[in-house]
Amino acid sequence: MLVCLAVWMFTRARGDAAKIFVLWLPVAVFVAVGFEHCVANTALFSLAILDGPTAFSDLFRNLMFTVPGNVVGGGLLVGAVYWLTGGAWRECGVLPSD
């Protein structure tokens with residue numbers, strides 16, 4: 001959710017300094033809290049597999065949990081909030097327009 005939010009805020013920011021700040025802040029929180037991301041884990045596990053201390057089964061076991069979590073957190077939660085705040089309810093006819 002934090003990575004998708006960072007990308008979304010980056011596309012909405014106007015200045016270069018604002019883009020750097022809104023991209024850096026959620027990613028820094030993501031890393032500080034210790035969350036996992038499927039793309040980052042794939043890169044790290046690939047390096048570990050090449051070095052030898054881990055196997056492909058460890059990568060697949062990790063991705064089995066991180067991919068659904070990233071899809072739900074980023075794809076559904078951020079996407080749903082963006083859809084709702086963007087006036088989608090009014091366009092669908094669920095709520096009366098102002």
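When a residue number appears, it is its place in the shown sequence, counting from 1.
Each of Phe65 and Phe60 belongs to its own hydrophobic cluster when Ile, Leu, Val, Met, Phe, Trp and Tyr are linked at side-chain heavy-atom distances under 4.5 angstrom. No single ILVMFWY cluster, assembled from side-chain heavy atoms under 4.5 Å apart, contains both Val7 and Val29. A continuous path of hydrophobic side-chain contacts links Phe21 to Trp8 [ILVMFWY only; heavy atoms under 4.5 Å]. Cluster membership check: Leu59 shares its hydrophobic cluster with Val71, using side-chain heavy-atom separations under 4.5 Å among Ile, Leu, Val, Met, Phe, Trp and Tyr. Hydrophobic cluster membership differs between Ile20 and Phe10, with clusters built from Ile, Leu, Val, Met, Phe, Trp and Tyr side chains linked at under 4.5 angstrom.
Taking all atoms of both residues into account, the shortest heavy-atom contact from Lys19 to Arg14 is CE-O, 3.8 Å. Of all heavy-atom pairs between Pro53 and Ala48, the closest is CD-O, 3.0 Å. Here the closest non-hydrogen pair linking Val27 and Ala6 is CG2-CB, 4.2 Å. A pairwise comparison of heavy atoms in Gly73 and Leu77 identifies O-CB, 3.3 Å as the closest pair.
Distance check, rounded to the nearest 0.5 Å: CG of Asn62 to SG of Cys38 gives 9.5 Å. Residue Leu2 holds its CG atom at 6.5 Å from CZ of Phe35, rounded to the nearest 0.5 Å. Separation of atoms CG (Asn41) and CD (Glu36) is listed at 4.5 Å; rounding is to 0.5 Å.
When atom types are taken as modelled, the side chain of Asn70 and the backbone of His37 share no donor-acceptor pair closer than 3.5 angstrom.
Salt bridge Asp58/Arg61: present, at least one basic N to carboxylate O contact under 4.0 Å.
Applying the side chain to side chain contact (heavy atoms under 4.5 Å, CB included) test between Thr54 and each of Ile49, Leu47, Leu44 identifies Ile49 as the sole match.
At least one side-chain heavy atom of Leu63 sits under 4.5 Å from a side-chain heavy atom of Thr42.
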